[in-house]
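See below for the structure under consideration.
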Amino acid sequence: MELFNENQNYNAGDIVYVFYRNPHTQDVANIQSAAVVNNPENPNELAVFLYETYYPLTEEIAIFTSEEEANEAYNYYYGNPSERLS
């Protein structure tokens, strides 16, 4: 399963979906929508804007173009959340 496709053309203004880990509880991950924007620190690069923070668009971020695709990957890596509640 490919998490980041460097051949994918992202444009400022695109909405993408990423995995976001709670900084206070590292074993909790959620899917969050984020905006692709021009990186204010380097105008020649794109960044993901999430929770008032800019993250450079790199292969270290699991980026998905649809919420469905993000949910499939989430279930693949973390399992179905409803299964963990039983």
Side-chain angles (χ1 to χ4, degrees):
M1 177 172 286
E2 189 171 347
L3 297 182
F4 177 88
N5 183 351
E6 61 187 67
N7 297 323
Q8 173 72 38
N9 292 322
Y10 297 104
N11 297 300
D14 288 350
I15 300 299
V16 295
Y17 298 87
V18 298
F19 291 166
Y20 176 76
R21 286 197 176 273
N22 182 324
H24 304 291
T25 310
Q26 285 296 307
D27 62 342
V28 175
N30 297 301
I31 297 169
Q32 182 64 46
S33 62
V36 176
V37 297
N38 291 316
N39 189 340
E41 295 177 10
N42 186 346
N44 297 326
E45 294 180 356
L46 293 175
V48 174
F49 187 64
L50 178 66
Y51 291 116
E52 306 295 324
T53 303
Y54 295 93
Y55 298 94
L57 201 59
T58 68
E59 72 243 4
E60 295 176 3
I61 300 176
I63 300 174
F64 305 94
T65 56
S66 73
E67 190 171 10
E68 180 181 326
E69 182 183 25
N71 281 321
E72 288 176 14
Y74 185 94
N75 289 334
Y76 177 82
Y77 287 105
Y78 299 106
N80 188 332
S82 64
E83 292 173 358
R84 289 194 299 265
L85 297 175
S86 330

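Numbers for residues simply follow the sequence, beginning at 1.
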Discussion item. Let me check something: do V37 and Y10 share a hydrophobic cluster, defined by ILVMFWY side-chain heavy atoms less than 4.5 Å apart, either directly or through other members?
Written reply: no

Fill in: Single-linkage hydrophobic cluster F49~V16, side-chain heavy atoms < 4.5 angstrom
no

Practice prompt. Say whether Y74 and Y76 are linked into one hydrophobic cluster, either directly or through other cluster members, by side-chain heavy-atom distances under 4.5 angstrom.
Written response: yes

Worksheet item: Transitively linked via ILVMFWY side-chain contacts under 4.5 Å: L46 with V18?
Response: yes

Worksheet item: What are the two closest heavy atoms between S33 and I15, and how far apart are they?
Response: CB-CG2, 4.2 Å

Worksheet, complete the sentence: In this structure, CD1 of I63 is separated from OG1 of T58 (nearest 0.5 Å) by 7.0 Å

Worksheet item: Do N42 side-chain atoms and N39 backbone N/O form a donor-acceptor pair below 3.5 Å?
Response: no

Response to the item:
Sorted by chain and number, sequence neighbours left out, ring pair (Phe, Tyr, Trp, His ring centres under 6.0 Å) with Y17 holds for none

Worksheet, complete the sentence: E68 meets the side-chain contact (heavy atoms from CB on, under 4.5 Å) criterion, sequence neighbours left out, with S66, E72

Response to the item:
Those residues at least two apart in sequence (or on a different chain) that pass side chain to side chain donor-acceptor pair (under 3.5 Å) with T65 are E69

Discussion item. Checking N30 now: which residues fulfil side-chain contact (heavy atoms from CB on, under 4.5 Å) with it, not counting sequence neighbours?
Written reply: V28

Worksheet entry | Partners passing ring pair (Phe, Tyr, Trp, His ring centres under 6.0 Å) against Y55 (at least two apart in sequence or in another chain) | none

Practice prompt. Write down the atom of V48, the atom of A34, and the distance for their closest heavy-atom approach.
Written response: CG1-CB, 3.3 Å

Item to complete: Could you tell me which residues satisfy side chain to side chain donor-acceptor pair (under 3.5 Å) with E67, sequence neighbours excluded, listed by chain and number?
Response: none

Practice prompt. Could you check whether the rings of F19 and Y77 sit parallel, tilted or perpendicular, using 30° and 60° as the cut-offs?
Written response: perpendicular

Item to complete: Spell out, yes or no, whether L57 and Y54 are grouped together once hydrophobic residues are joined by side-chain heavy atoms under 4.5 Å, including indirect joins.
Response: no

